[in-house]
**Student:** 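Before we start, here is the structure in question, set down as structure tokens.
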Amino acid sequence: MSVTEATDQYKRALKQGQKDYRADVLRGRYPYPQVLDEILVETMCAGRVDLGLIEIPTDQIVGTKSAGRKSAFASSFMPLLSLDTEFAVKWVRLCEAHLGSEGIRDPIKCYEYMGRFYVEEGNKRVSVLKSYGAPTIPGFVTRMIPVETQDLAVQQYYEFMRFYRLAGIYQVQFNRLGGYAKLQAALGFEAGHIWTKEERKAFLSSFARFRDAFEKQGGKELGITTASALLMWLGVNEFQDLREMTASELTKSITAIWPDLKLTAAGSPATISTVPPEGEKGGILAKVFDSKPTHLKVAFVHTSNPKESVWTRAHDAGRQYLEEAMGERITVRSYEDVRSAQEADRVMEQAVTDGAQVIFATAPPLIGACRKVVARHPHVKVLVCSLDMSYAGLRTYYSRIYESKFITGAIAGAMAREDTIGYIANYPIFGVPAGINAFALGAQMVNPNAKILLHWSCTAGDPGDLFEKRGVTVISNRESPSPEQAAAGWGWGLSLFTPERQEIPLAAPCWNWGTFYEKVIRGIFQGTWDSVKESGTAINYWWGLSSGVIDVQLGQDLPEGVARMARLLKQAIASGALDPFACKIFDQDGHMRCDGKAPLTPEEIVKMDWLCQGVEGSIPGFEELLPMSRSMVRLLGLYRDSIPPETEGALL
């Protein structure tokens, strides 16, 4: 390479450096490379580790070890000194060597702190190589380990260090905790698997391809790391696709999940729809340009079948109700026994092929297949029966069953012959603590001394023995999937047990799924589907007693006075005159969770991960759960982000 060519390269780099300098000054940013000695003091460092010679990602070299020559570079490491300086002469010589027969052979020497690199020797080498867009630079690295604290950035870095011991790469960074373990699992590796050289090379090649496509679509401005985007992409696509997709196919696949990427970057929770939207009034112009459908094809997808599952039977009863209510305006098809992820993918695609315009997936495990359908077929309206699944374009539905639990709690307080009442909860997932606490508050409203003895059906142990030893006579079990099953005997709702252990059903919270399905379909016909839609948000239907989607079935043997109280409570909650959580509430540790002046928000109720005073028991950890219960907690668990992910089969 001639001196003239090297000089021209310096001129281009100098022009870029001056541009970067001005941009930083205009934005109020530090215009030079960061200086590690000015950032890190000895008390912030827990130790040093010699990493030896590694390939350093160029874009993670952000500064210098000491102040020395910092003013010679812009923050981008592009030069700032004029061409007639000694600095420029040395830069040009290095540039000649870079593309000459020798090349730049000497590794740089630098320090790494919190995932960023600070050069001690080789600043001009970094500048030259950055000017040519070199992806990595060889260097001898000393890692400065920060003192471990609860600071989020430090916690993320400690996760990275554990990942680095396995993968040996720096290019992967995440916005949130847990990303490294999820990536390890998504690639088919066991938690402690150490990557081979071939695995590392294969991953980095595909990762670079994804990063280029992601950044071309504006990924750098999105506020989410490439690795975080890749992890979300892998929820819809296979890792092998990165090698096999054409550039246009890869771009299209990233575009398909862009709303979810924006949602993740913004950290926005799901928009909770607490009441069914009203039908559009519409004027003359609305009628002239009416684009509302006149007929809909609706698909129901179940993970089991109505004969063996009461849950599926309840949703199928809702489907029958919908067909009777809507008549010839809809065509409905059901897909049953969809038990694996692969089968769910196939069935969802088949439903779209069969012409489905609306898909109701009636169980949380179908969420993965639903995400893929939404990405591939954005015109299809997809809903999953679940809570707190924030994906743009995909809606979830559940209900405020805690309202019914509050009423059955009041019934229990009135009917129990002692102060202790039994309660059997299902899973430690979103929404369940709200039901437990509402039940306790209802019981304490009637009996201030009421205590709730809590047992989890997802853990070992016989609740019958526990309750019998404590002399418990009133027990709340799970809610009923439908009104028809509410009085089906032991296993559902609230019951009183006589001294002879005869069970007397008292009441049962229940769902009216048919009412929900009818309201949603009528809403689509009336044009209200888009009236609750906000750009870049996920929608969660969370309707209560006022919608008719949930109810409380009262037992025939319930005393009339107690039944009247229950009906009055139901009427008060449905009308909005009574909010179960609009009162002073303390948790088990005595901390005030609500001052009674303002009610808890829907988000606070959904995310509730504490139990109120008067509840004996605790929320079980993942290791306490029975194996059969863990898959549900992985999906919807209160602590799902901290659960070690499952390996999904080798992909590299």
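Quick caveat: nothing in here was measured; it's all calculated off a predicted structure.
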**Student:** Would you find more than 12 non-hydrogen atoms of other residues, nucleotides or ligands less than 6.0 Å from Arg593 atom CZ?
**Tutor:**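 Yes, the 6.0 Å shell around CZ holds more than 12 heavy atoms from other groups.
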**Student:** Can a side-chain donor-acceptor contact be found between Gln217 and Thr255 if the only test is distance below 3.5 angstrom?
**Tutor:**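 Side-chain D/A pair, Thr255 to Gln217: present.
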**Student:** Any side-chain to backbone donor/acceptor pair from Arg125 onto Pro107? Under 3.5 Å, distance only.
**Tutor:**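 Flag set: sc Arg125 to bb Pro107 pair under 3.5 Å.
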**Student:** With sequence neighbours excluded, what pairs up with Tyr164 under the ring-ring contact (aromatic ring centres under 6.0 Å, His included) test?
**Tutor:**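 With sequence neighbours excluded, Tyr164 shows a ring-ring contact (aromatic ring centres under 6.0 Å, His included) to Phe160, Tyr170, given in chain and number order.
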**Student:** Charged N to carboxylate O below 4.0 Å: is that the case for Asp37 and Lys65?
**Tutor:**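 Counted as a salt bridge, because a side-chain N and a carboxylate O are separated by less than 4.0 Å.
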**Student:** What's the spacing between Leu51 CG and Glu112 CD if we round to 0.5 Å?
**Tutor:**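 Reported value, rounded in 0.5 Å steps: 6.5 Å.
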**Student:** With sequence neighbours excluded, give me every side-chain hydrogen bond (donor to acceptor under 3.5 Å, both in side chains) pair touching residues 220-237.
**Tutor:**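 Sorted result for residues 220-237: Asn175-Thr225, Asn175-Ser228, Thr225-Ser228, Trp233-Ser253.
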**Student:** For Glu244, which residues count as a side chain to side chain contact (heavy atoms under 4.5 Å, CB included) partner, sequence neighbours excluded?
**Tutor:**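 Side chain to side chain contact (heavy atoms under 4.5 Å, CB included) list for Glu244, sorted by chain: Gln240, Asp241.
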**Student:** Quick one: do Lys90 and Glu86 make a salt bridge, cutoff under 4.0 Å?
**Tutor:**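 Salt bridge between Lys90 and Glu86, a charged N being under 4.0 Å from a carboxylate O: yes.
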**Student:** At what distance, to the nearest 0.5 angstrom, does CG of Leu36 lie from OH of Tyr111?
**Tutor:**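 Here the rounded value is 8.5 Å.
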**Student:** Sequence neighbours left out, what pairs pass side-chain hydrogen bond (donor to acceptor under 3.5 Å, both in side chains) with at least one residue falling in residues 623-635?
**Tutor:**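 Those involving residues 623-635 do not exist here.
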**Student:** For a quick test of your reading: what N or O donor-acceptor pairs under 3.5 Å do the side chains of residues 73-84 make, sequence neighbours left out?
**Tutor:**
| unit_1 | atom_1 | unit_2 | atom_2 | d |
| --- | --- | --- | --- | --- |
| Ser75 | OG | Asp24 | OD2 | 2.6 |
| Ser76 | OG | Asp20 | OD2 | 2.6 |
| Ser82 | OG | Asp84 | OD1 | 2.4 |

**Student:** Does a donor on one side chain and an acceptor on the other come within less than 3.5 Å for Trp195 and Gln184?
**Tutor:**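 There is such a pair (donor and acceptor under 3.5 Å, judged by atom type) between the side chains of Trp195 and Gln184.
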**Student:** Before accepting this row, confirm whether a basic side-chain N of the pair Arg376/Glu349 lies closer than 4.0 Å to the acidic partner's carboxylate O.
**Tutor:**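 Salt bridge between Arg376 and Glu349, a charged N being under 4.0 Å from a carboxylate O: yes.
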**Student:** Just by distance, do the side chain of Asp260 and the backbone of Ala392 share a donor-acceptor pair under 3.5 Å?
**Tutor:**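 It does hold such a pair.
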**Student:** Would you mind listing every side-chain hydrogen bond (donor to acceptor under 3.5 Å, both in side chains) that reaches into residues 50-60, with sequence neighbours excluded?
**Tutor:**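 Residue pairs with at least one partner in residues 50-60: Glu55-Thr136.
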**Student:** Rounded to the nearest 0.5 Å, how far apart are CD1 of Ile429 and CD1 of Ile619?
**Tutor:**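 Output value for this atom pair is 12.0 Å.
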**Student:** Counting heavy atoms not belonging to Arg29, are there more than 12 under 6.0 Å from its CZ?
**Tutor:**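 Enclosed: over 12 neighbouring heavy atoms sit under 6.0 Å from CZ of Arg29.
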**Student:** Can you tell me how far the OG atom of Ser386 sits from the CE atom of Met632, to the nearest 0.5 Å?
**Tutor:**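 Answer for the OG-CE pair, Ser386 versus Met632, is 8.0 Å.
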**Student:** Take a 6.0 Å sphere around CZ of Arg339 and say whether it holds more than 12 heavy atoms from other residues, nucleotides or ligands.
**Tutor:**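 More than 12 heavy atoms, drawn from other residues, nucleotides or ligands, come within 6.0 Å of this atom.
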**Student:** For the residue pair Ser131 / Gln9, report whether a side-chain donor-acceptor contact shorter than 3.5 Å exists.
**Tutor:**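 A donor-acceptor contact under 3.5 Å links the two side chains.
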**Student:** For residues Ser642 and Phe622, determine if any side-chain heavy atom of one lies less than 4.5 Å from a side-chain heavy atom of the other.
**Tutor:**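 Result no, sub-4.5 Å side-chain heavy-atom pair not found.
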